[in-house]
Amino acid sequence: MRVLLLATLVNAFGNGAYLTTSVLFLTTVAGLSPAMIAIGLSAGAVAGVLAMTPLGYVADRYGPKRLSLLSMIVLAGAYTALLAVHSVLPFTLLSCVIAVATALVKGANGALAAGAVPAADRLRVRAKLRSMINAGMGLGTLAGSIPLLIKTDSGYVVILLVNAASFLVAAALLTRAPAVPPQVTPAGGPRLVALRDRPFLAFATLDGLLSSTYNDLLGIGLPLWLATGAHAPLWLISVALVINTVGCVLLQVRMSRGVHGLDAARRSALRGAVVVALACAVFAATADRSPWVAGTLIGVAAVVHVLGEVWLSTGSWGIVFELAPTWAQGQYQGTYFAGRGIGDMIAPPLVTACVLGLHSGGWLLLGALFVLGGLLYIPVTRWAAATRPAARPEPVRV
């Protein structure tokens, strides 16, 4: 899996660099207004969510390696094509292409990671992949900050092309990975079985909301809180994000050890949700504190938050691997990421409303959401486990 890990690192570097400058590229080089950008990105988000499960099925049926390579080539071309965009319609179309191809990459790489190693090693490999993503995104963000200092349009164009090239380099690396054979859907059963698996859909929706929300606590909640509710400097946002990135890189693999089976994965997810709730309580405690005390508490909250995030994400992956049939890893991975997409639509307004509307009480409400969500993992995963024999028939080779 070293090839997949290296390809993931390269790809994440390009993504991190582009995300740092994407808004400035689209406004200054492409000449799009913020409203045009919002329309295009929203359309892409919807397209990505709708495509996740069907494309996961395609990855299972035709082989995840082949589909991952194809989607990376499409992404390289789509990002390069952004250079020719100057109006809302082509930007919206390209946003949909990018979102759909990204959905295919996620489902295919999830199936590739699941199928290329023994079942006992899947969680460890997934943890390593996330460490590579965080490391690559962190390095890419540093690279993307260079054009922000130079403040030239050519710098934004270079970063865009670096991102496009990263997909080609990752695809070239991925050609050296062993292929996972195509899977055959059991005769007489539905093709998109994940969409008929009600307990898994409930889990994907629940986990998607919690996962998106814990990401937005630092990306949206903390900046709003520092601007309106806490008497602390804004540079603490960067400190919290650095703590989060470094913590995920250093702890993700270590925290995945010993998580074997559905019960252990459920306990890890519950533990993580409760710890994230504790971080929310610490954020709430910064209200009306002196800058020194508030800054210290924010540092503590960031450390607590990353511990909860690592436990929660580890448990989530373990649950997905345990519930997905061997012959449908791609579509179950796609459905899981579709849940994340739904969460990405709900979490930003939820976090914004809580922090701006309820202040410290909003942080406590978010903490209560995590506790409730963590407790809901128990009945949802037990419901799912009870339905597994019917949902995992032996495939019939034809």
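Keep in mind the model is a prediction, meaning the values are calculated, not measured.
Leu241 is connected to Leu234 through a chain of hydrophobic side-chain contacts under 4.5 Å among Ile, Leu, Val, Met, Phe, Trp and Tyr, so both are in one cluster. Both Leu41 and Leu83 are part of a single hydrophobic cluster, where members link through side-chain heavy atoms under 4.5 Å apart. Under a hydrophobic-cluster definition in which Ile, Leu, Val, Met, Phe, Trp and Tyr are linked whenever side-chain heavy atoms come within less than 4.5 Å, directly or via other members, Leu82 and Ile39 are assigned to the same cluster. When hydrophobic clusters are built by joining Ile, Leu, Val, Met, Phe, Trp and Tyr residues whose side-chain heavy atoms come closer than 4.5 Å, directly or via intermediates, Val100 is grouped together with Leu67. Taking hydrophobic clusters as Ile, Leu, Val, Met, Phe, Trp and Tyr residues chained together by side-chain heavy-atom distances below 4.5 Å, Leu94 shares a cluster with Val157.
Checking side-chain atoms of Ser68 against main-chain N and O of Pro64 turns up no donor-acceptor pair under 3.5 Å. Of the possible polar contacts, none joining the His305 side chain to the Val276 backbone as a donor-acceptor pair under 3.5 Å is found. Between the Asn163 side chain and the Ile159 main chain, no donor and acceptor come within less than 3.5 Å of each other. Thr387 contributes a side-chain N or O that, together with a main-chain N or O of Ala384, makes up a donor-acceptor pair within less than 3.5 Å. The closest donor-acceptor contact from the side chain of Arg289 to the backbone of Ala285 lies under 3.5 Å. When atom types are taken as modelled, the side chain of Gln331 and the backbone of Ala194 share a donor-acceptor pair closer than 3.5 angstrom. At least one donor-acceptor pair under 3.5 Å links the side chain of Lys65 to the backbone N or O of Thr175. When atom types are taken as modelled, the side chain of Ser268 and the backbone of Ala264 share no donor-acceptor pair closer than 3.5 angstrom. Although no hydrogens or angles enter the test, the distance criterion places no donor-acceptor pair under 3.5 Å between the side chain of Thr21 and the main chain of Leu24.
Leu93 is not listed as a side-chain neighbour of Val97, based on a closest heavy-atom distance of 4.5 Å or more. Residues Val320 and Arg122 fail the side-chain proximity criterion, which asks for heavy atoms closer than 4.5 Å. A 4.5 Å side-chain heavy-atom check between Trp292 and Thr296 finds at least one atom pair inside the cut-off. Counting only heavy atoms from C-beta outward, the side chains of Ser166 and Val162 never approach each other to under 4.5 Å. Residues Ser316 and Tyr377 form a side-chain contact, since some pair of their non-hydrogen atoms from C-beta on lies under 4.5 Å apart.
Rounded to the nearest 0.5 angstrom, Phe321 CZ and Tyr332 OH are separated by 14.5 Å. Atom CZ of Arg382 sits about 7.5 Å away from atom CG of Asp263, to the nearest 0.5 Å. To the nearest 0.5 Å, atoms CG (Leu270) and CZ (Phe370) are separated by 13.0 Å.
Taking every heavy atom of both residues into account, Pro348 and Asp344 meet most closely at CD-O, 3.0 Å. Heavy-atom minimum distance, Ile220 versus Val351: CG2-CG1, 4.4 Å. Nearest approach of Leu217 to Cys280, heavy atoms of both residues: CD1-SG, 3.8 Å. Nearest approach of Pro147 to Ala143, heavy atoms of both residues: CD-O, 3.5 Å. Across all their heavy atoms, Met345 and Pro349 have their closest contact at O-CD, 3.5 Å. Nearest approach of Leu222 to Ala240, heavy atoms of both residues: CD2-CB, 3.6 Å.
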Please tabulate, for the side chains in residues 6-19, all donor-acceptor contacts under 3.5 angstrom to protein atoms that are two or more places apart in sequence or on a different chain.
| residue | atom | partner | partner atom | Å |
| --- | --- | --- | --- | --- |
| Thr8 | OG1 | Leu4 | O | 2.7 |
| Asn15 | ND2 | Asn11 | O | 3.4 |

Exercise answer: donor-acceptor pairs, residues 354-366 side-chain atoms, under 3.5 Å, sequence neighbours excluded:
none

Assess the residue pair Leu226 and Trp235 against the criterion (side-chain contact (heavy atoms from CB on, under 4.5 Å)); give the C-alpha distance rounded to whole Å, side-chain angles, the decisive distance to 0.1 Å, and a yes or no. CA-CA 9 Å; Leu226 290 176; Trp235 53 260; over 6 Å; no

Run Lys106 and Tyr336 through side-chain contact (heavy atoms from CB on, under 4.5 Å) and show every step you take. CA-CA 10 Å; Lys106 290 180 177 180; Tyr336 167 70; over 6 Å; no

Between Leu369 and Leu350, is a side-chain contact (heavy atoms from CB on, under 4.5 Å) present by the stated rule, with each step listed? CA-CA 11 Å; Leu369 171 67; Leu350 173 65; 3.7 Å; yes

Intermediate values then yes/no, side-chain contact (heavy atoms from CB on, under 4.5 Å), Ile98 and Leu75: CA-CA 6 Å; Ile98 290 172; Leu75 284 167; 3.9 Å; yes

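Side-chain N/O atoms of Ser256 and Thr314 include no donor and acceptor closer than 3.5 Å. Looking at Thr286 and Trp225, their side chains do bring a donor and an acceptor atom within 3.5 Å of each other.
The list of ring pair (Phe, Tyr, Trp, His ring centres under 6.0 Å) pairs with a residue in residues 109-156, not counting sequence neighbours, is empty.
Ser211 pairs with exactly one of Thr213, Asn215, Asp207 by the side chain to side chain donor-acceptor pair (under 3.5 Å) rule, that one being Asp207.
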